[in-house]
Amino acid sequence: MAKLVSLAEGVADLVRDGDVVALEGFTHLIPFAAGHEIIRQGRQDLTLVRMTPDVIYDQLIGMGCARRLVFSWGGNPGVGSLHRFRDAVQNSWPVPLELEEHSHAGMANRFVAGASGLPFAVLRGYTGTDLPRHTGNIKTITCPFTGEVLTAVPALRPDVTVVHAQRADRAGNVQMWGITGVQKEAVLAAHRSLVTVEEIVDELEPVPGQVVLPSWAVTAVAEVPAGAHPSYAQGYSVRDNDFYVRWDAVSRDRDTFREWMEQHVLKAEVQA
Amino acid sequence: MSAEYTSDEMMTVAAARQLRDGTACFVGIGLPSTAANLARATHAPNLVLIYESGCLGAKPDRLPLSIGDGILADTADAVVSVPEVFNYWLQPGRIDVGFLGAAQLDRYGNINTTVIGGDYADPKVRLPGAGGAPEIAASCGEVVVVVRQSLRTFIDRVDFVTSVGYGRGPGDRERLGLRGGGPRVVITDLGVLEPDPKTCELTLTRLHPGVTVEQARAATGWDLAVAADLAAVDPPTEHELTVLRALEATKKVAAR
């Protein structure tokens with residue numbers, strides 16, 4: 001059964017230095033508050049995994065939390081590039097960042113294999129691209145039934161997956177809806193999981209298109225209202241598009257970035 | 001009466017015209033999304049818009065600001081998981097058109113959105129990467145590319161093949177086992193390029209009003225082939241411009 005915890009407790013218990021950590025979310029429901037807590041607790045040497053690393057990964061990378069990034073698209077959605085990510089790749093600032101680069105189809109299937117307890121996934125993908133030349137984790141496999149040559153990618157098994165959802169009940173059952181991306185697979189693929197939610201309620205009213213993660217499939221749940229900001233939680237908040245635009249300017253310069261993080265993350269009031 | 005319009009507006013209108021009503025279109029964000037929504041708001045009301053965030057049949061009444069904009073989920077026929085959109089919908093070839101942008105494009109329609117200059121480990125410019133594009137380019141029935149044409153973007157050979165067009169020429173897609181048809185047309189701010197049926201090389205087939213062949217050649221990093229029957233693109237109609245500008249205005253409002 002999932003434990004109800006504070007965000008600080010959840011991160012302290014579940015996210016360790018050197019871990020493979022997936023903070024998933026596809027534009028919607030991105031666990032920003034949890035990412036900030038990881039930064040405040042000074043985690044280092046992380047392998048960050050995510051299909052679409054965006055601003056929260058830019059912040060984690062810029063603060064030196066990550067050693068390695070496994071991903072398929074790293075950008076500021078609707079705005080442009082991630083400058084901290086670029087600075088780390090191009091100039092090794094503040095620390096070198098190793099990349100393992102995939103396509104969305106490959107990453108999604110890697111999570112599916114992890115969630116399914118399989119060692120790898122099969123897909124039609126990457127063929128003819130330059131990705132397999134640089135990413136060792138893309139191989140071919142021959143179908144034993146048809147002889148067709150297909151692509152194989154290994155399962156992703158994060159040490160811990162962190163996602164944000166709309167709500168949970170007091171037993172720790174989690175409910176999310178709207179664009180739910182690859183979050184279910186990412187939670188089920190992980191050894192441990194932390195879910196932050198907008199609110200904890202007595203009863204989960206059914207919502208069309210919902211995804212439910214049963215309490216016994218989740219390690220810990222923390223109530224963090226607005227924990228996805230500047231991303232959004234459908235039914236609770238709208239995306240703070242201005243923030244994403246402003247981030248472009250904040251993140252271009254190392255000092256401006258550090259100052260911003262100091263003021264808005266490191267010194268932020270932490271939930272007990 | 002001919003209205004005033006920008007080269008970007010011409011490009012978006014010309015790209016929108018490429019999408020046929022009733023087809024299913026996998027839409028990348030940015031220029032492709034604007035053009036696809038323009039098509040749906042004009043000649044193709046039954047165009048099925050598919051976004052990689054899992055929104056199938058999205059019907060936004062304003063331009064989405066990202067592929068995960070809430071308006072896409074609110075208006076979709078179905079919202080599915082990301083593994084589902086790639087495995088059940090894209091991979092088996094259910095989607096007619098893939099609509100992509102590019103940071104670099106070469107003479108065979110190969111696309112780079114990964115790195116520019118230097119080498120992969122130490123690039124001059126690190127770009128966002130592949131996203132859904134490699135498999136969209138591989139598996140959709142055909143691909144439409146929309147990209148501004150310049151010596152920076154139109155280069156003889158892309159620095160990194162993120163998504164395959166025609167590889168190094170005729171027969172490459174078949175040899176690689178790619179099941180979709182590949183790039184059918186490339187729309188730029190100068191005109192329209194289509195692959196030569198024999199050589200697969202992108203060939204200038206139409207120019208936007210007021211643009212010259214010399215301009216197109218000067219913005220192309222290879223010796224650009226020009227079709228014998230080079231034609232002119234019709235300028236945007238009043239209606240197309242009105243709808244496009246109304247859509248662009250919704251984007252500015254939504255961003256507030």
Review point. Is it the backbone or the side chain of A/Val112 that comes under 4.5 Å from a heavy atom of chain B, or both, or neither?
Key: side chain
Review point. Do you know which of A/Leu99, A/Ile179, A/Leu82 has the most heavy-atom pairs under 4.5 Å to chain B?
Key: A/Ile179
**Study point:** Electrostatic pair A/Glu100:A/Arg110 at N-O distance under 4.0 angstrom
**Key:** yes
Check your understanding: Between B/Tyr166 and B/Glu201, does any side-chain donor sit less than 3.5 Å from a side-chain acceptor?
Key -> no
Review point. Between B/Arg126 and A/Phe85, is NZ or CZ placed under 6.0 angstrom from the six-membered ring centre and within 45° of the ring axis?
Key: no
Check your understanding: By a 4.5 Å heavy-atom criterion (distance strictly below it), what part of B/Val125 contacts chain A: side chain, backbone, both, or neither?
Key -> both
Review point. So which of A/Gln234, A/Arg133, A/His28 has the largest heavy-atom pair count under 4.5 angstrom toward chain B?
Key: A/Gln234
Check your understanding: Which one, B/Pro128, B/Ala130, B/Gly129, leads in non-hydrogen pairs under 4.5 Å with chain A?
Key -> B/Pro128
Practice item. Please say whether the positively charged group of A/Arg84, taken as NZ for Lys or CZ for Arg, lies over the ring of A/Phe257, i.e. under 6.0 angstrom from the six-membered ring centre and within 45 degrees of the axis. Key: yes
Study note, to complete from the structure: Among A/His134, A/Arg86, A/His102, the residue with the most heavy-atom pairs under 4.5 Å to chain B is A/His134
Study note, to complete from the structure: Whatever's closer than 4.5 Å to a heavy atom in chain B on A/Gln90 counts as both
Exercise for review: Among the options B/Pro83, B/Ser66, B/Ser81, B/Ser139, pick out the one with the most heavy-atom pairs lying under 4.5 Å from chain A.
Suggested key: B/Pro83
Practice item. Tell me yes or no: between the side chains of A/Glu198 and A/His164, is some donor less than 3.5 Å from an acceptor? Key: yes
Review point. Is the closest side-chain donor-acceptor distance between A/Asp58 and A/Trp247 under 3.5 Å?
Key: yes
Exercise for review: Give the member of A/Gly75, A/Gly78, A/Ser72 that has the highest number of heavy-atom pairs under 4.5 Å with chain B.
Suggested key: A/Ser72
Check your understanding: Of all of A/Gly25, A/Gly106, A/Pro77, A/Gly128, which one pairs up most often with chain B through heavy atoms under 4.5 Å apart?
Key -> A/Gly128
Point to revise | Residue B/Ser53 versus chain A: region with a heavy atom under 4.5 Å | key: both
Practice item. Measure distances from B/Glu84 to the heavy atoms of chain A and classify the residue's part below 4.5 Å as side chain, backbone, both or neither. Key: neither
**Study point:** Contacting region of B/Arg175 [heavy-atom separation from chain A under 4.5 Å]
**Key:** neither
Check your understanding: Would B/Thr12 and B/Thr34 count as having a side-chain donor-acceptor pair, cut-off 3.5 Å?
Key -> no
Check your understanding: Are B/Asp156 and B/Arg107 ion-paired here, with the side-chain N under 4.0 Å from a carboxylate O?
Key -> yes
Point to revise | B/Leu178, part contacting chain A, at a heavy-atom distance under 4.5 Å | key: side chain
**Study point:** More than 12 heavy atoms of other groups within 6.0 Å of B/Trp89 CH2
**Key:** no
Check your understanding: chain B heavy atoms under 4.5 Å from A/Met51: which part of the residue, side chain, backbone, both or neither?
Key -> side chain
Revision key, fill the gap. With chain A, the option among B/Asn87, B/Val158, B/Asp122, B/Leu127 that has the most non-hydrogen atom pairs under 4.5 Å is B/Asn87
Review point. Is there a donor-acceptor contact under 3.5 Å linking the side chains of B/Glu135 and A/Tyr126?
Key: no
Exercise for review: Taking only Lys NZ, Arg NE, NH1 and NH2, and the carboxylate oxygens of Asp or Glu, determine whether B/Lys124 and B/Asp159 approach each other closer than 4.0 Å.
Suggested key: no
Review point. Of the backbone (N, CA, C, O) and the side chain (C-beta and beyond), which part of A/Phe71 lies under 4.5 Å from a heavy atom of chain B, both, or neither?
Key: side chain
Point to revise | Salt-bridge present (A/Glu98, A/Arg67; N to O < 4.0 Å) | key: yes
Check your understanding: chain A heavy atoms under 4.5 Å from B/Asn112: which part of the residue, side chain, backbone, both or neither?
Key -> neither
Practice item. Could you look at A/Tyr244 and say if it's the side chain, the backbone, both or neither that has a heavy atom under 4.5 Å from chain B? Key: neither
